[in-house]
Amino acid sequence: MATTTTPTTQPAGPDRPAGAEAPTWREWAANRWIQTGIVLLVLVIAGALPYVRAPFPEATGVWLDQNLNDLYSWVVSNRDTSPIFIYGFNYLSVGLGSSVVFIDDMLQALTWPGVVVLGAFAAWRAAGWRVMLVVLAAFAVFGFTGLWNQAMTTLALIITAVGLALIVGIPLGIAAGRSDRVQRALRPVLDFMQIMPAFAYLMPMLLLFGIGNPAAAVATTVYAIPPAVRITAMAIRNVDKGAIEAATSLGSTKWQILGKVQLPLAKRTILLGVNQTIMLAVSMVVIASVIGAGGLGDAIYQALSKINIGRALEAGLAIVMLAIAMDRVTGAVGHGAHTPQIPERLRWWVLGGGALATAAAAALQVERWPSEWRFHIAGPVNDFSNAFESAVGGVTSTLGAWLLEWVLGPLNSTLTGAPWWLVVLASGALGWIFGGRRVGITCGVAILGAGLLGQWDRSMDTLAQILVAAVIVLAIGVVIGVFMARHDLFAALLRPVLDAMQTLPPFVYLIPAVALFSAGKVPALAAAVVFALPPVIRLVNDGIRGVSQQTVEAAVSQGSTKWQLLTKVQLPLARSSLLLAVNQGIMMILSMVVIGALVGGGALGYGVVFGLKQNELGLGLTSGLAIVCLGIFLDRMTQGRRTNA
Amino acid sequence: MRKRPSITTAATAAAAASAVVLASSCAAQTGGGPGGEDTVRMAINGWVGYEASAAVLTYLLENELDVRVEQKQIDEQPSWQGLNDGDLDVIVENWGHEDLMEQYGPDGNDTVVDGGPNGNKGTLGWYVPSYLLEEYPDINTYQGVKENAEIFRTPESGDKGEFLAGDPAFVTQDQGMINHFDMDLKIVYAGSEAAEITTMRKKYSDEEPFLAYFYEPQWLHNELDLEHVEFPEYTEGCADDADDVSCGYPEYDLNKIFRKDFAEEDSPAYRLLDNWTWTNDDQNAVAEMIAQDGMDADEAAEKWVEDNRDVWESWIPEGADN
C-alpha cells in the first residue's frame, strides 16, 4: 500500500500565502495551544458529567439507511430486467471482465519462460539493465513461491485498471491543468475518492458490475485515478509560462500548444503520476480479492483463513516485488537515466530480436513452473512467529490491557459522553484555532455530518482510536526519523525496510498482531501504527536533512549541544515537513480503519465490513461516508495554516 | 548528447511486447488449449471446510470428467448474487440463508435452485474450552454461562463478560440470545474467522476462560477441546425477532445451491455435483490436511481421492468416460 505522496492534501501550492503580518509563530503557537487546552478541558468536563449526555437524533440516519436499503432491493430485483443494466452496466462489465481475462490468457499463453524473456527484454529496453535485474528478481519470487499464475492474474488486473485510470485520469488532469474552474470542481471529488475507504464502495461495485474481475477492475480504477489527475494537472500548471507565451506569439492553436509545448514539457511529472497510479492499483488488488478478483490478493486471503502467516507472507512478498519492479520500470522511464543507447539503424533489429527470443521461449511450451523449483519460507516463518509470540505475548497482553483501560476507554467515553452538539462545536473551534474560520466551519460540519449519517457513536469510537494511533505513530516516527537523519548508515539500512513496509499488504501482519494482543481494538491499532510509520519516518528524516548545512554549522560553532541543535534549530526549521508528517500519518491511519475492523477494531470499520458481507448497503455506505467525514475533519485540521509544505 | 524522448522508448517497448504476445497466443491456440470445452465456476466461501469440499469436487471434475473448474473466492452473500448474474454456477456448502432463497429462488428472481443436502450437518453455537468444566461443571449450559458471565471479562469488554464473535459474514443471533436470557455479556467482534481462531488459540494455550461463536464441522475442533453450550432447542419461530431469541441455533442440513440454467443444462458436471454427498468426517479429513498439515488444497484433495475410491465412485455420472 504504497505512497508517500498520497495527495489527500493538494500538492504544495501557492494558494495559501503565509500570513504576512502575523506575529512570530512562537507567540502565535503559545496562544493557540492555550486555546486548544480550553476547548479540550470543556469537552472533558462535559464528558465526565453523566446528566448532560444526549444521544444524537436518529431521524436522518434512519431515513438514509432505509432509502439505501430500498435502493439495494430495487437493484437486486431489477438487475435482470432494467435497461440501465441490460444496455449499460452489463456491457461495461462484460467488456472489463473480458479484457482482464484476455490479458491473463495472453500471459498464460506466453508461458512463464516467454513472460520472463519478454519482461526482461522490455525492462532492459525501456529502463536499462539494472531495472531488468529487479524485474527478473520479481519473476523469480513469483516462481519460487509457486504463485506464478496468481501473479499473472494480478498483473492482468493491474494492467486493465491502470489503463482505464490513465485513459480517464490524464485527460481530466489536462483539463484541470488548463482551467481553474475544472480544477475547483474536481478537487472535492478527488478528495472524496481518496478518503472513502475502498471497502465501502466494493459493495456498490458488486451491485453494478457483479462479482469478480469487472467490479474489481472498476474499484481498483476508482482507487488509483486521483494521483493521475492531480499530478497531471500540476505538471501542466508548472510548465514554463514563457514557453507558452512564445508559442502563442508564433500563432499556435490551443491544441498545438498542448501537444507541442505543454505535454512534452510536463512529461516527466506526468510519468510520476503514472507511477503513483500503478502503486495504488497494486495496493488495491488485495482488497479487491474480497469480491472475487483472484490472484495474489486471493492467495493472501486464503492463507489467512488457514492462519498460515508464512504462506500469507510469501504472497505478500510477491506483491512487494511486483510493486517494486513496476515502480522501478516506470520510474526509470520517467527520468530516462539508464536507458541503453542504441543507434537508430539497429533499433528495429533489437526489437525483432527481443520478439523472436520471446516467441522462442514461449514455443518451448513449458506451462508449469517446475514444482521442484520451489522454496517455501512458510514453515520457518510460522515457527519464528510462534516463537516470537510466546516470547513477548505476555508483555504485549499487559500493554494492550493498559492501553484499553487507561487510554482508549477514557478517551472514548469522553467523546461519546459529551453532548453531541458540544463535540461539534469543539471540533469547529479547534478547526478555527488551527486553520481559520473556513476550516473551522468545515470541521464542525464534517463532524456533524457523521452524526447526520446516523453513525455518531461509532464515529466517536473510531475517532478515539485514530487519535491514539496518531499519537503513537508520531512519537515513534519522530524519534526514528531524527535518528535516521543523523546516521547515514542507519538510514541506508532502514530505507529498503520502509519500502517493503509500505508495499506489504497490511493483511499479512493483521494475524500476528492478533496473536500478540487478542482480537479487539489494540491489534487494529498496532496494525495501523505499522502501516502509517514509514511515511512519517521518511518525512521527518527529509525535513531534518533539509535544514541548511550553514545554519547547523552556525549553531554548532556557537556551542549548541546536540539536543539544543535538534530542539532549537532543526525541528523548528523542519516544521513544514513535520506538519506534513502529522497530516500524512493521520490519513494513513484513517485508511486502516476498515482493515483494522477485520481484527476487532469495531466501530465504523465494522459497519463497513458488516454491510459488505451481509448485503446491508445502508449500513455499509453510511459507515463509509462517516469515515469520509472524519477524514475531512482530520485532514483540514492538520493541514491547518501550513505555510510552505 | 541528445537523447530520444524516453516515452517513445517505452511506447516502442510496449508495442513490441503486445505484438509478441499476440503472435505467440495465436501459436498457443493452434497447439490446443487446456482441458475440454466445459467450465464450472464454483464459489469458494471463506472457511476451510468449504474449501475442502470444493477441492475434492474440483479434483474429481477435472480428472474424472475433464471439466475445467474456475474457483472464485467470494463471501456467502455475494456468491448468491454471482449465481443470479450468471457469474457463478454453484455454491457447494450453504448455511440456511432463507432470505436469499426468497430473493433469488423460484419465488423471487427465479435464477437459483436448491441442490439438496450435501450430507454435512452444520452446528452453530456457543463454545467454551473444556478445561473450564473442572471448575465450573455447568459452564456448558446457558444457565452456567449466565451465572459465571464475569469469568469471561476482558479489558476489551469492560465490566461485562466477553462473547467473541467471528466473521461478519456468518449467520448469527447472539445478541438476541444474550437479550432474552438476560446475560451480562458484551459481544466483541473479532471481525474475521482468522482473528477469532488466533484469539481462541492464544487463550487456550494460556488456559484462560473464553466464550465464542463457533461451528462444526470445523478443523479446529481437532486441535482444541471445545464444549458446545446447550440452549433450549430451536423451535419454529423462536428466532424470528432478532432482538429476542429464546433458543439456540437450529441444526443445519448443509445444502448445495445451483444457478438455475446450469442445473437445467444437466451436464455431466452438474450430475456429479448433484450426486455428491459425504459426511462431516470426510470433510474434516480433507480440511485437516489443508489447515493443519499445511498442504495445498489440490494436494489434499488428490490424497483423499486416492484413499477413498469407494466413497466417490458413485458420484461419477454414468456414461462419463473415465
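These numbers were taken from a predicted model, which means no experiment stands behind them. Below, chains carry the letters A, B, ... as their sequence lines are ordered, and counting in each starts from 1.
Side-chain contact check for A:E405 versus B:P155: every heavy-atom pair is 4.5 Å or farther apart. Between B:Q73 and A:S289, the closest side-chain pair of non-hydrogen atoms is not below 4.5 Å.
At a 4.5 Å heavy-atom cutoff, the contact between A:Y606 and chain B is made by side-chain atoms alone. At a 4.5 Å heavy-atom cutoff, the contact between A:L404 and chain B is made by side-chain atoms alone. Heavy-atom distances place no part of B:D206 under 4.5 Å from chain A, backbone and side chain included. Heavy-atom distances place the side chain of B:L100, and not its backbone, under 4.5 Å from chain A. Residue A:L510 does not touch chain B at all, counting heavy-atom pairs closer than 4.5 Å. Proximity to chain A is limited to the side chain of B:Y104, based on heavy atoms less than 4.5 angstrom apart. Only the backbone of A:A597 comes within less than 4.5 Å of a heavy atom of chain B; no side-chain atom from C-beta onward does. The part of B:T111 that comes within reach of chain A is its side chain, from C-beta onward, which places non-hydrogen atoms under 4.5 angstrom from that chain.
Shortest non-hydrogen contact noted between B:A195 and A:L598 is CB-O, 3.7 Å. Across every non-hydrogen atom of B:K203 and A:S518, the tightest pair is CE-OG, 3.9 Å.
Distance check, rounded to the nearest 0.5 Å: CG of B:D85 to CD1 of A:I211 gives 8.0 Å. The OH atom of A:Y301 lies 7.0 Å from the CG atom of B:D75; values are rounded to the nearest 0.5 Å. Atom CG of residue A:N308 and atom CD of residue B:Q292 lie 12.0 Å apart, to the nearest 0.5 angstrom. The structure places CG of B:D296 at 6.0 Å from CZ of A:R311, a figure rounded to the nearest 0.5 Å. Separating the CD1 atom in A:I307 from the CD1 atom in B:I197 is a distance of 4.0 Å, to the nearest 0.5 Å.
Other residues, nucleotides and ligands contribute over 12 non-hydrogen atoms within 6.0 Å of the CD atom of B:E223. Crowding of B:K303 atom NZ: a count of heavy atoms from other residues, nucleotides or ligands under 6.0 Å not exceeding 12.
Between A:K306 and B:E51, at least one side-chain N (NZ, or NE/NH1/NH2) sits under 4.0 Å from a carboxylate O, which counts as a salt bridge.
Put simply, of B:A190, B:G46, B:S192, B:G82, the one with the most heavy-atom pairs under 4.5 Å next to chain A is B:A190. Among the candidates B:Q81, B:E193, B:Q71, the residue making the largest number of heavy-atom pairs closer than 4.5 Å to chain A is B:Q81. Between chain A and the residues B:A287, B:S205, B:A169, the largest count of heavy-atom pairs under 4.5 Å involves B:A169. Comparing B:R201, B:K72, B:K202 by how many heavy-atom pairs each has under 4.5 Å with chain A, the most go to B:K202.
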(request) Walk me through it: do B:T198 and A:V599 pass the test side chain to side chain contact (heavy atoms under 4.5 Å, CB included)? (result) CA-CA 10 Å; B:T198 306; A:V599 290; over 6 Å; no

